[in-house]
Amino acid sequence: MRIGVLGVGALTEAIVTGVQKSKSPYSWCLSPRSAFRVERLLSLPQVSVAQDNQSVVDQCSTVIIGVRPDDLQSLATQIKLTSDHHLLCLAAGVHLETLQKMFYPAKVTRMMASIAAEYPGASVFFFPKDLQLSTCFSNAGFGVQSFTTELQFEASMLSVCVNAWWLDQVHALAQTFADETGMPLAEAVELLARAQQESVTLLKERRQTTPTVLAREIGTPGTFTARGLYHLKERQAEKPWVDILSQLLKELKSKE
Ligand SMILES: O=C(O)[C@@H]1CCC=N1
């Protein structure tokens with residue numbers, strides 16, 4: 001399959017790299033902007049660059065749209081599409097209906113991913129579900145999750161945001177280890193990465209057990225863990241996280 005990319009940014013660069021380094025690479029045709037990113041991608045097999053945006057859609061029926069939400073309208077006016085085109089749109093917070101009107105008569109699927117798409121084990125998210133796309137990305141080794149409602153799909157975008165917030169927390173905790181024990185920051189980060197890996201293992205292997213019950217299995221009464229859980233609960237450490245998540249969800253809902 002040949003896939004076009006309109007708007008080569010950090011995220012689309014990660015996706016193309018991840019797919020091309022997988023066991024099931026495809027062929028790609030990139031829009032010509034972002035010269036430094038395009039140059040890096042051209043070093044991968046089966047990646048070419050088109051003269052302009054129209055040439056991308058002329059060569060590919062499946063096209064990933066990676067431009068910013070504010071630039072969608074201007075892109076839509078630059079390209080001539082047919083009903084054979086299938087656009088995978090990465091723009092956060094722009095509704096399917098809006099995209100369908102903007103890019104009529106093309107078929108549109110909303111897509112979300114993070115810059116981790118460059119590495120094995122990353123996931124991509126779709127709305128609505130599309131069997132061909134799911135197969136294409138699972139063949140390339142991605143985890144694929146599709147959603148029955150658009151609001152649930154927005155949660156996949158927020159899960160990418162949560163990861164960034166969490167990475168900031170990890171830094172603060174690693175810095176504390178580094179400051180208090182003298183270990184290099186990189187070693188402290190490695191330690192916490194291993195711990196997170198174990199959280200993921202527990203979440204995956206013990207799906208019948210809720211995360212909070214798992215936490216209490218580690219933090220049985222009288223343990224250091226239990227003291228930490230109590231300390232954090234008493235200060236409602238989860239509150240700012242839950243607050244911003246609900247606020248963003250509210251904003252996304254009000255756009256409906
Ligand atoms: O924060 C954003 O708007 C985008 C969507 C998911 C991650 N970054």
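A quick note: this is a predicted structure, and the numbers were derived from the prediction, not measured. All ligand and atom numbering here is 1-based and tracks the order in the structure.
Using modelled atom types and a 3.5 Å distance limit, the side chains of Q59 and S55 yield a donor-acceptor pair.
Considering only non-hydrogen protein atoms, atom 1 (O) of ligand 1 sits nearest to C161 SG, 3.9 Å. Counting protein heavy atoms only, atom 7 (C) of ligand 1 is closest to V160 CG1, 3.5 Å. Closest to atom 4 (C) of ligand 1, if we only count protein heavy atoms, is A92 CB, 4.4 Å.
Side-chain contacts under 4.5 Å among hydrophobic residues (ILVMFWY), followed directly or transitively, place F36 with no other residue at all. Side-chain contacts under 4.5 Å among hydrophobic residues (ILVMFWY), followed directly or transitively, place L185 together with V189.
Checking side-chain atoms of T12 against main-chain N and O of G7 turns up a donor-acceptor pair under 3.5 Å.
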